[in-house]
Amino acid sequence: MRRGVETLLDVAERLWREGEAKLILFFAPGGYGKSVAPPHLLKIAKEIGLADHLIHVLPARSLVSNLYLCKYLYPFTSGAEKAKLEEICMGRVAYEELANVVKGVARGREYVAYQAGIDIRYEVGPGKRLQVIKSPLFEDIDIVVSTLDSLLFNAFKVPVTEIYRKRKHYAIPFSWIYTSLVYLDEMHASFEDEVFSSTIVLLDLLNAAKIPVVAATATPIPNTVELVSSHTWGRVRPTIVKMCRRGEEGGNDTICFYDEDFEGKVLNVEWQTHLVELSKILSIIYENVRSGRRVLVALDSVGNAIDIFDKLKRCPDIASQAVLLHGKMSRMHQRRVLEQLKDKKVLVVTPIINAGVDITFDVAVLGVSDPLVLVQFLARVCRDNDCGEVEVYIVKDLVEKRMYEKLQQIMDNNTKSNKLNWHLPYSLNDIIGYDVVLKLASVPKINGEKVVKLRDLAFSALLTSKEITDLFTKELGGEIARSILTEIVTITEGEINRIKNSVDDINDVVNSLEDLSITYSFSELVEALNKSEPICIDKFLIIDSDGDLRLFSVGRRGINIDGKLITNGYEYIATLINLRAKYAGFVMSKKDGCYDDERGLLRLP
């Protein structure tokens with residue numbers, strides 16, 4: 001166990017035994033092993049009598065799937081299931097010590113579960129499916145890996161199973177949250193503008209209920225303690241456990257640890273950082289692939305990512321070695337890309353995997369504007385710090401201006417570009433750590449009006465289902481976590497009918513449609529509809545709780561449901577509640593020119 005994890009466990013146990021179930025922030029570099037801490041923390045919390053369950057929270061569905069399968073389910077598998085997980089996880093599964101701790105705090109595999117807007121399905125033999133447990137309400141489970149959105153809905157009295165129902169049995173999930181340890185992994189994602197207000201209210205709520213919370217990240221935003229404390233009126237004052245240089249002391253709120261072994265490994269890697277023009281990156285990728293290196297190409301824009309991918313596919317030597325991954329691809333196609341990745345040399349990606357996935361590369365070509373995202377992507381490069389030398393190419397045309405100027409200053413002030421070490425969180429002698437880039441990150445904005453409404457929902461002891469629904473729909477416009485999301489099914493009406501006619505169980509129909517869907521912002525889609533006549537999308541599909549499938553027309557301004565035009569998020573959520581929706585999504589009129597299995601969504605509407 002790494003020194004930092006040991007320090008975290010010591011600090012947590014001391015605070016918890018003193019009766020302080022306060023927020024603990026754990027700051028350590030990418031690849032440090034932060035995600036192994038939660039089961040150890042649960043063991044301590046159980047011994048003290050502070051918590052009986054663990055809710056391990058991640059920002060994205062794909063990360064939930066990976067962690068659940070590779071770290072929590074794996075210890076309970078054998079034979080074909082174990083072999084399948086080793087294949088899915090590319091060998092990066094729970095090591096023996098971690099596996100033993102997981103088995104020590106969980107009563108069995110049926111008490112280890114996940115919760116996300118996906119269904120995890122893998123075949124492990126002829127007619128045999130990998131046995132997984134999904135627990136939307138977190139009930140009767142020892143460990144659940146959940147998305148942040150699911151935790152927010154369950155904590156704020158809108159259970160994820162009842163978002164589109166008039167009755168809200170909110171006490172069930174919260175009673176399980178109340179007796180849990182909450183571990184917010186990849187905490188920086190919880191502090192993005194869109195979810196920051198919800199995260200602040202969540203932390204305030206968990207603190208008031210004396211629920212122990214640990215939040216971890218490699219890329220903390222500046223002045224995290226002051227930010228959390230000020231927006232909770234001083235009620236939540238976190239303690240920080242962070243990696244520091246030798247001899248560095250913390251302060252009132254900060255406990256430092258020094259990891260000599262990790263520092264030594266990191267300093268053995270020489271980082272060559274270059275600022276390059278966008279026009280140069282194809283030749284850079286080509287030369288590195290020819291040399292046998294695996295290249296990560298990370299770009300903010302889906303359009304830029306598709307453009308680079310298309311150009312690589314036209315290079316005979318690289319075409320078969322390149323794959324593309326972004327958020328406007330169906331879940332099935334995203335999963336296929338990740339399964340293929342171990343045999344490929346080039347991944348072109350948008351920030352869909354910028355955190356928490358155990359995939360490593362030899363070279364990075366980066367065109368991202370956010371300093372936090374840049375550092376997170378570089379944690380995917382030489383993940384085990386065993387590469388000797390690493391090349392990093394930052395596309396100066398695409399990075400944020402202040403970050404470009406800072407990097408240019410570092411390059412100008414050093415005779416060698418390897419003075420910047422992208423895995424070291426502090427500067428040391430003539431080595432510059434990545435903390436200089438983190439300081440450029442923007443402070444998230446708080447939405448005061450949303451905070452007030454969320455507090456009304458979260459802190460009111462007794463609310464009727466109607467009061468909850470009114471607060472959720474009319475006051476919050478359905479936006480508890482982030483802007484209202486919808487689904488785009490990447491198949492046509494005819495293909496949907498073929499699925500429905502060939503499957504007896506409506507749940508299997510829903511699972512198949514979810515697998516073929518893209519999650520998309522409802523407001524962005526309506527905005528696109530306002531600009532042009534729909535060419536790729538012409539129907540809206542609802543499957544209700546009775547299993548009935550209904551199709552509605554989509555026009556220039558929105559969805560026409562029984563003569564009423566749905567044009568905003570409040571109307572959308574209210575309609576799904578009234579129609580008791582089990583699944584809802586926009587349907588493609590055609591795929592040609594609209595969606596491609598390799599390239600994802602090509603145009604809207």
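Since the structure is predicted, the reported quantities are computational estimates derived from the model, not experimental observations.
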| Between F377 and L296, what is the shortest heavy-atom contact and its length? | O-CD2, 3.8 Å

| query | Quick check: does any side chain N or O of R580 sit under 3.5 Å from a backbone N or O of L576, one acting as donor and the other as acceptor? | reply | no

| Taking Y393 for the side chain and V297 for the main chain, is one N or O donor matched with an acceptor at less than 3.5 Å? | no

| query | Is the backbone N or O of R599 less than 3.5 Å from a side-chain atom of H326, with the two atoms forming a donor-acceptor pair by type? | reply | yes

| said: To the nearest 0.5 Å, what is the distance between CD1 on I120 and CG on L69? | reply: 4.5 Å

| query | Does L378 offer a backbone N or O that forms a donor-acceptor pair with the side chain of H423 under 3.5 Å? | reply | yes

| remark: Separation between CD1 (I573) and OH (Y164), nearest 0.5 Å, reads 4.5 Å

| request: Any chance you could measure I163, atom CD1, to S150, atom OG, to the nearest 0.5 Å? | output: 7.5 Å

| Around R290, counting heavy atoms of other residues, nucleotides and ligands shown, do more than 12 lie under 6.0 Å from its CZ? | no

| Residues Y114 and S146: side-chain donor-acceptor under 3.5 angstrom | no

| request: Could you tell me whether the side chains of S369 and D300 share a donor-acceptor contact shorter than 3.5 Å? | output: yes

| task | Walk me through it: do L601 and M329 pass the test side-chain contact (heavy atoms from CB on, under 4.5 Å)? | result | CA-CA 6 Å; L601 193 65; M329 302 172 77; over 6 Å; no

| note | Taking every heavy atom of F309 against every heavy atom of A322, the minimum-distance pair comes out as CE1-O, 3.6 Å

| query | Taking F586 as the fixed residue, which of I559, V489, L541 is the one that meets the side-chain contact (heavy atoms from CB on, under 4.5 Å) rule? | reply | I559

| query | Minimum heavy-atom separation for A379 to R383, with atom names? | reply | O-NH1, 3.4 Å

| Does any N or O in the side chain of N304 come within less than 3.5 Å of the main-chain N or O of L299, such that one atom is a donor and the other an acceptor? | no

| From CG (L67) to CD (E186), nearest 0.5 Å | 10.0 Å

| task | Please determine if K591 and D596 form a salt bridge, counting it only when a charged side-chain N lies under 4.0 Å from a carboxylate O. | result | no

| message | Could you check whether atom CG of D317 has more than 12 heavy atoms from other residues, nucleotides or ligands sitting under 6.0 Å from it? | response | yes

| Within the side chain of N154, is there an N or O that forms a donor-acceptor pair under 3.5 Å with the backbone of P136? | yes

| query | Considering the options N385, V390, D384, which one meets the side-chain contact (heavy atoms from CB on, under 4.5 Å) requirement together with C387? | reply | V390

| task | Provide the closest heavy-atom pair for M187 versus A215 in the form atom of the first, atom of the second, distance. | result | SD-CB, 3.5 Å

| message | Checking the side chain of K342 only, and the main-chain atoms of M90 only, is there a donor and an acceptor separated by less than 3.5 Å? | response | no

| query | For residues Q115 and T147, is any side-chain donor paired with an opposing acceptor at under 3.5 Å? | reply | no

| message | Suppose we call two aromatic rings close when their centres sit under 6.0 Å apart. Are H56 and Y72 close by that rule? | response | yes

| Check ion pair R550-D544 (N to O, under 4.0 angstrom) | no

| request: Assert yes or no for the condition that the ring centre distance of F540 to F552 is strictly below 6.0 Å. | output: no

| task | Check whether more than 12 heavy atoms from other residues, nucleotides or ligands sit under 6.0 Å from atom CG of D343, and answer yes or no. | result | yes

| Once you round to the nearest 0.5 Å, how far does CD of E533 lie from CD1 of I537? | 13.5 Å

| Are any of the side-chain nitrogens in K313 or E598 under 4.0 Å away from the carboxylate oxygens of its partner? | yes

Hey, can you pull the donor-acceptor pairs under 3.5 Å for the side chains in residues 125-132, sequence neighbours left out?
residue: Q131; atom: NE2; partner: R129; partner atom: O; Å: 3.1

| request: Go through the side-chain N and O atoms of S517 and Y583 and say whether any donor and acceptor fall under 3.5 Å apart. | output: yes

| task | Begin from the C-alpha positions of W422 and V381 and carry the test side-chain contact (heavy atoms from CB on, under 4.5 Å) through to its verdict. | result | CA-CA 9 Å; W422 289 102; V381 181; over 6 Å; no

| message | Is a donor from one side chain sitting under 3.5 angstrom from an acceptor on the other, for R331 and T519? | response | yes

| message | Assess whether a salt bridge exists between R293 and E287, defined as any Lys/Arg side-chain N lying under 4.0 Å from an Asp/Glu carboxylate O. | response | no

| query | Do S62 and S65 have side-chain atoms, one donor and one acceptor, less than 3.5 Å apart? | reply | no

| Would E527 and F522 satisfy side-chain contact (heavy atoms from CB on, under 4.5 Å), going step by step from the backbone distance to the final call? | CA-CA 9 Å; E527 185 179 346; F522 179 79; over 6 Å; no

| query | Just checking, any donor-acceptor pair under 3.5 angstrom between side chains of E495 and T492? | reply | yes

| I542 backbone acceptor or donor facing K582 side chain under 3.5 Å | no

| request: Might you point out which heavy atoms bring L565 and N560 nearest each other, and give the distance in Å? | output: CD1-N, 4.3 Å

| query | Taking all non-hydrogen atoms of both residues, which atom of K311 and which atom of L282 are closest, and how far apart? | reply | CD-CD1, 3.6 Å

| query | When you look at R603 and C536, which way does the side-chain contact (heavy atoms from CB on, under 4.5 Å) test go after all the steps? | reply | CA-CA 7 Å; R603 62 165 295 169; C536 295; 3.4 Å; yes

| request: Without swapping roles, check the side chain of S135 against the backbone of A113 for a donor-acceptor pair under 3.5 Å. | output: no

| task | Check whether any side-chain N or O of R165 sits under 3.5 Å from a backbone N or O of P159 as a donor-acceptor pair, and report yes or no. | result | no

| task | Give the C-alpha distance, both sets of side-chain angles, the deciding distance and a yes or no for salt bridge (Lys or Arg N to Asp or Glu O under 4.0 Å) between E339 and K344. | result | CA-CA 10 Å; E339 289 171 355; K344 301 296 182 180; over 6 Å; no

| Say you draw a straight line from CD1 of I488 to CE of M588; how long is it, rounded to the nearest 0.5 Å? | 6.0 Å

| message | Under a 3.5 Å cutoff, is there a donor and acceptor pairing between the side chains of Y74 and E86? | response | yes

| field | From CA spacing to verdict: side-chain hydrogen bond (donor to acceptor under 3.5 Å, both in side chains), S330, D515 | value | CA-CA 7 Å; S330 75; D515 213 25; over 6 Å; no

| Within 45 degrees of the axis of the six-membered ring of F361 and under 6.0 Å from its centre: does R294 put its NZ or CZ there? | yes

| task | Would you please test K134 and D119 for salt bridge (Lys or Arg N to Asp or Glu O under 4.0 Å) and show each step? | result | CA-CA 8 Å; K134 188 173 184 178; D119 282 291; 3.7 Å; yes

